[in-house]
Amino acid sequence: MNMNTFLKIEGIPSPGARIYSWIAKKNPIMRDLYKDVADDVTSKITSGTVLDVGTGPGYLPIEIAGKSSRLEITGIDISPGMVKIANKNAINMGLSDRMEFHLASAAELPFDDGHFDLVLSTLSLHHWLHPAVYITEIHRVLKKNGEAWIYDIRRDTSKETDTKLKRKYGWLMSFIFLNIVRTHSSITVKEVEKIISSLEISFSSTKILDNGIFLKLQLSK
Ligand SMILES: C[S@@+](CC[C@H](N)C(=O)[O-])C[C@H]1O[C@@H](n2cnc3c(N)ncnc32)[C@H](O)[C@@H]1O
């Protein structure tokens with residue numbers, strides 16, 4: 001059980017949303033995650049519909065829109081403060097006409113069946129109180145052959161991964177990430193496997209990929 005499940009907090013409340021937004025903007029490990037995911041997205045699809053679940057300050061949609069002008073990008077978040085910040089960030093970057101953000105829960109996505117080519121989510125899974133329900137919703141809004149890529153921080157990394165992180169980002173940043181961030185927001189491959197085995201729907205392919213400090217749950221409809 002992680003800290004959020006214990007405290008039963010899903011959405012980040014308003015003052016926390018502003019603090020998170022500032023940290024995520026400054027943190028090089030998170031910035032690299034948004035950049036790497038955006039690179040993967042734009043090398044996989046050049047046009048189509050993309051949904052970001054638990055979008056927070058909207059940094060991932062903004063990164064993707066900066067790389068591709070032909071994707072229709074939508075972000076949803078359960079926190080009103082986050083949706084407000086995401087809209088403001090998109091306006092500040094001059095990208096507000098290329099994406100939209102909605103206040104919504106992953107439990108009930110306000111979209112038709114089969115609407116999206118790709119559903120993304122970064123660092124939100126550890127907040128989800130009912131992950132199997134939300135993944136079922138993601139399955140519903142995906143087109144046939146569409147994919148979902150769900151990333152989160154893992155606490156079951158090898159010593160080698162932790163050493164690589166220290167080499168790349170320095171001792172202090174790695175210490176903060178491995179000890180403070182990871183205490184609050186981490187999952188393990190075993191926990192993700194348990195979520196997958198509890199699903200009542202089936203994906204044509206399910207993979208849990210090692211992305212260093214992050215894991216990527218890759219689901220194909
Ligand atoms: C740690 S933040 C990650 C934000 C962003 N994806 C990023 O990578 O910076 C987790 C986000 O998930 C949102 N969230 C948590 N549970 C949710 C749910 N059930 N439906 C929609 N959003 C949710 C929170 O409000 C928060 O903005």
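Counting starts at 1 for both ligands and their atoms, in listed order. These figures come from a predicted structure and were not determined experimentally.
Between the Asp156 side chain and the Val189 main chain, a donor and an acceptor come within less than 3.5 Å of each other. With Tyr59 contributing its side chain and Ser21 its backbone, the two residues share a donor-acceptor pair below 3.5 Å. When atom types are taken as modelled, the side chain of Glu191 and the backbone of Thr188 share a donor-acceptor pair closer than 3.5 angstrom.
Residues satisfying the salt bridge (Lys or Arg N to Asp or Glu O under 4.0 Å) test with Lys44, not counting sequence neighbours, are Glu147.
Ordered by chain and residue number, the residues placing a heavy atom less than 4.0 Å from ligand 1 are Glu10, Gly11, Ile12, Tyr20, Tyr34, Gly54, Thr55, Gly56, Ile76, Asp77, Ile78, Ser79, Met82, Ala104, Ser105, Ala106, Thr122, Leu123, Ser124, His127, Trp128, Tyr134.
Between Arg98 and Glu72 there is no salt bridge, since none of the side-chain N atoms of the basic residue sits less than 4.0 Å from a carboxylate O of the acidic one.
Between Phe177 and Tyr169, the distance separating the two ring centers is not shorter than 6.0 angstrom.
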